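Below: the structure, in structure tokens.
Quick note: numbers below take in every heavy atom, side chains included, and nothing from hydrogens, waters or symmetry partners. In what follows, chains are A, B, ... by sequence order, proteins preceding strands, each numbered from 1. Keep in mind the model is a prediction, meaning the values are calculated, not measured.
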Number of protein chains: 2
Amino acid sequence: MVKLTDVARAAGVGYGTASRALSGKGPVGGDARARVLEAARELGYTADATARALRERRTRSVGLIVPDMTNEFYTASAEVLQEVLRAAGHHLFVATTGNHPGRDQEALQEMAARRVDGIVHVPSGPSTAATSPVPVVELNRYSGRNVPAVVSDDYAGVKELTELVIAAGYTDIAAIVGPDTYSTSRDRLAGFKAATEQAGFSENAATGKRLRIVFSDFSAEGGASAMQTLLPDPPQALLPLSSRLVMGVLKTTREAGIRVPDDLSLAGYGDPDWFEIWGPGITTFAPPLAQMGAKAAEILLDLINGHEPTDTLSRIPGALRIRGTLGNPGIS
Amino acid sequence: MVKLTDVARAAGVGYGTASRALSGKGPVGGDARARVLEAARELGYTADATARALRERRTRSVGLIVPDMTNEFYTASAEVLQEVLRAAGHHLFVATTGNHPGRDQEALQEMAARRVDGIVHVPSGPSTAATSPVPVVELNRYSGRNVPAVVSDDYAGVKELTELVIAAGYTDIAAIVGPDTYSTSRDRLAGFKAATEQAGFSENAATGKRLRIVFSDFSAEGGASAMQTLLPDPPQALLPLSSRLVMGVLKTTREAGIRVPDDLSLAGYGDPDWFEIWGPGITTFAPPLAQMGAKAAEILLDLINGHEPTDTLSRIPGALRIRGTLGNPGIS
DNA sequence: CTGTTAGCGCCTTCAT
DNA sequence: ATGAAGGCGCTAACAG
């Protein structure tokens with residue numbers, strides 16, 4: 001591997017001069033500069049980032065910790081996060097936790113050991129209390145630690161989505177939500193409850209407006225079995241509040257021969273691309289994943305540059321996508 | 001940041017002793033070892049990976065270069081790749097190229113500058129000629145460089161898939177394939193051609209067995225407009241040879257009111273989870289993405305450990321998933 | 001403007 | 001078994 005001294009020697013200049021010429025910082029004679037650049041190009045020199053990191057005490061890299069690289073819910077944010085960071089000269093270290101909370105801590109430490117300049121963290125669970133020596137911003141979920149977080153405004157979004165369902169005239173509505181150890185589950189559930197209760201729905205059907213809530217884990221399997229439990233007495237309209245839950249529900253309705261929306265109305269959460277082409281199109285609340293990624297990157301860059309965090313929780317509004325699965329209550 | 005000298009001082013031992021105690025390499029008194037470990041724990045010491053990398057001339061990190069983090073086709077491999085690598089003590093540096101070939105080179109250099117121990121590369125295009133100073137294995141696509149590559153056996157898979165379509169009795173078949181700058185496009189197309197030609201299909205319908213091929217870029221938009229061009233004279237059966245192309249085709253059929261499989265039979269490529277629940281289920285060839293990721297990781301680890309590459313191109317067989325979109329030619 | 005030099009934190013011989 | 005010291009490649013501060 002060719003190093004700085006090689007370049008300096010080839011250019012016939014001193015060590016430091018070569019360094020200054022390459023970095024552009026510090027004075028250097030136009031003549032010497034040219035010779036150094038030439039020599040560097042000739043020899044195919046690229047500065048050793050590990051040495052530079054040691055010396056400069058920064059790596060120009062940031063850590064990204066996500067539960068799972070295959071979930072569009074995370075990668076859609078990660079993609080633009082990566083773009084913004086790259087534009088600022090930072091590169092990405094990625095670790096996945098498989099939603100196994102113990103591995104959050106592990107990943108955090110690993111990143112710290114590698115001296116990343118900052119970390120974007122999608123927490124796997126509730127507060128993994130440890131404080132990090134490098135700036136952290138949480139994405140998608142907030143753990144309760146006192147760090148900036150960027151999330152979708154799920155409360156507002158799901159509330160609005162639920163209001164849409166209610167406005168369509170359904171009087172027997174159920175939601176499937178993830179474990180309440182996740183902030184996302186709690187926010188979405190709160191939005192659902194706010195809308196239904198405000199419209200006079202309650203868990204005991206006394207008012208004639210029935211509302212049900214089924215808890216499940218955040219997987220397709222979870223959604224499928226949650227739907228199973230509803231099979232004996234299905235609601236008119238169902239809100240599986242994550243795209244994986246939607247997937248699971250559709251597996252079950254499919255097997256059970258339940259037609260959506262003819263037999264069961266559906267409103268979902270998230271907006272993976274297939275929502276648009278499934279059946280009549282899935283009506284859903286789409287969180288602003290790209291914006292969230294960009295915002296998280298910007299906040300982290302600020303933190304890295306020494307700015308103090310201004311607001312610790314950014315809720316970014318998403319958008320309703322009204323398609324066909326809500327159907328028309330008419331006959332029912 | 002607490003460093004080794006701090007630990008040594010706190011433990012009342014010398015610098016080197018502390019290092020040996022922590023690393024477990026080299027002799028150290030049981031007594032001293034205990035004190036060092038204790039002190040390290042107490043102070044929350046973690047070795048500086050940048051310093052260690054400089055000294056040891058390896059980073060225990062590997063680079064992953066992919067076109068796009070949001071495409072299941074890459075992330076499904078990446079996920080298990082990451083697991084295998086992690087188990088071997090390596091962590092992942094990720095760069096995306098957006099399928100923009102210039103950025104492959106950029107990413108390769110960046111990774112080399114960071115002194116990763118190895119690189120897994122999903123090439124954006126044809127041979128980006130440069131030779132890398134670190135071991136590289138290509139994944140999903142092969143660029144033509146003389147480096148080991150791990151790919152799905154698309155030729156065999158698509159051939160088999162096409163034979164299935166032919167066996168169903170269709171006599172007017174079309175395929176939509178990506179740009180032939182990609183090895184994947186070429187392999188899939190070759191499989192399609194092999195099966196059709198062997199069965200007596202040709203591009204001029206003289207034999208009564210008609211075959212058509214439409215080129216497109218690898219996006220949903222590409223698939224949609226390719227389908228548009230077929231609209232005036234649709235085939236009986238269509239094979240969009242990538243999952244994004246399938247997505248695009250379905251957008252167009254949906255808008256045009258074409259029913260699948262009643263009006264048009266379909267056999268796809270890839271197996272994102274929604275293929276199973278779309279309509280009657282999408283019949284498809286599923287490449288072994290997880291195995292490919294694992295295999296790539298294993299080959300890279302071998303390379304890193306100094307083994308010479310044994311075979312330079314591993315084609316791993318995938319599996320047919322027979323579902324409902326192929327329909328029944330009967331009436332047509 | 002340029003060459004020389006002192007570390008960044010760690011691992012690893014080399015004496016002791 | 002332990003302490004001391006050199007050096008990985010680089011940047012920045014200093015002297016010329």
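Within the 4.5 Å cutoff, side-chain heavy atoms of B/D104 are placed close to those of B/T97. At a threshold of 4.5 Å between non-hydrogen side-chain atoms, the residues B/T312 and B/V147 do not count as touching.
When heavy atoms are screened at a 4.0 angstrom cut-off, B/L4 is found touching the sugar-phosphate backbone but no base atom. Residue A/A32 is classed as a sugar-phosphate contact, given heavy-atom separations below 4.0 Å to backbone atoms only. Among the atoms of the strands shown, only primed sugar atoms or phosphate atoms (P, OP1, OP2) are found under 4.0 Å from some heavy atom of B/G29.
Nucleotides of DNA chain D nearest to A/T46 and B/Y15 differ in position, and the one nearer the 5' end is that of B/Y15. Each of A/G14 and A/R55 lies near DNA chain C, and the nucleotide nearest A/G14 is the one positioned closer to the 5' end. When the nearest nucleotides of DNA chain D are assigned to A/R20 and A/T5 by heavy-atom distance, the more 5′-ward of the two goes with A/T5.
Distances shorter than 4.0 Å separate none of the side-chain N or O atoms of A/R57 from OP1 or OP2 on C/dC8. At least one side-chain nitrogen or oxygen of B/Y45 sits closer than 4.0 Å to the OP1 or OP2 atom of C/dC10. Phosphate contact (OP1/OP2 of C/dC10, side-chain N/O of B/S19, threshold under 4.0 Å): absent.
The pair A/K295-A/E298 does not count as a salt bridge, with every side-chain nitrogen at least 4.0 angstrom from each carboxylate oxygen. Looking at B/R86 and A/E106, a side-chain N of the basic residue comes within less than 4.0 Å of a carboxylate O on the acidic one, giving a salt bridge.
Between the C1' atom of D/dT2 and the NZ atom of B/K25 lies a distance of 19 Å, rounded to the nearest Å. For B/D31 and D/dA1, the CG to P distance is 13 Å, given to the nearest whole Å. To the nearest angstrom, P of D/dT11 lies 11 Å from CZ of A/R58. For the pair A/L54 CG and C/dC10 P, the interatomic distance rounds to 9 Å; values are reported in whole Å. As rounded to whole Å, 18 Å separates atom C1' of C/dC8 from atom CZ of A/R114. Rounded to whole angstrom, the span from the CG atom of B/L22 across to the C1' atom of C/dC10 amounts to 11 Å. The separation between B/E56 atom CD and D/dG7 atom C1' is 14 Å, rounded to whole Å.
With C/dC1, C/dC8, C/dG3 as the choices, the nucleotide that has an atom nearest any side-chain atom of A/T17 turns out to be C/dG3.
Donor-acceptor pairing under 3.5 Å is lacking for the side chains of A/N140 and A/Y182.
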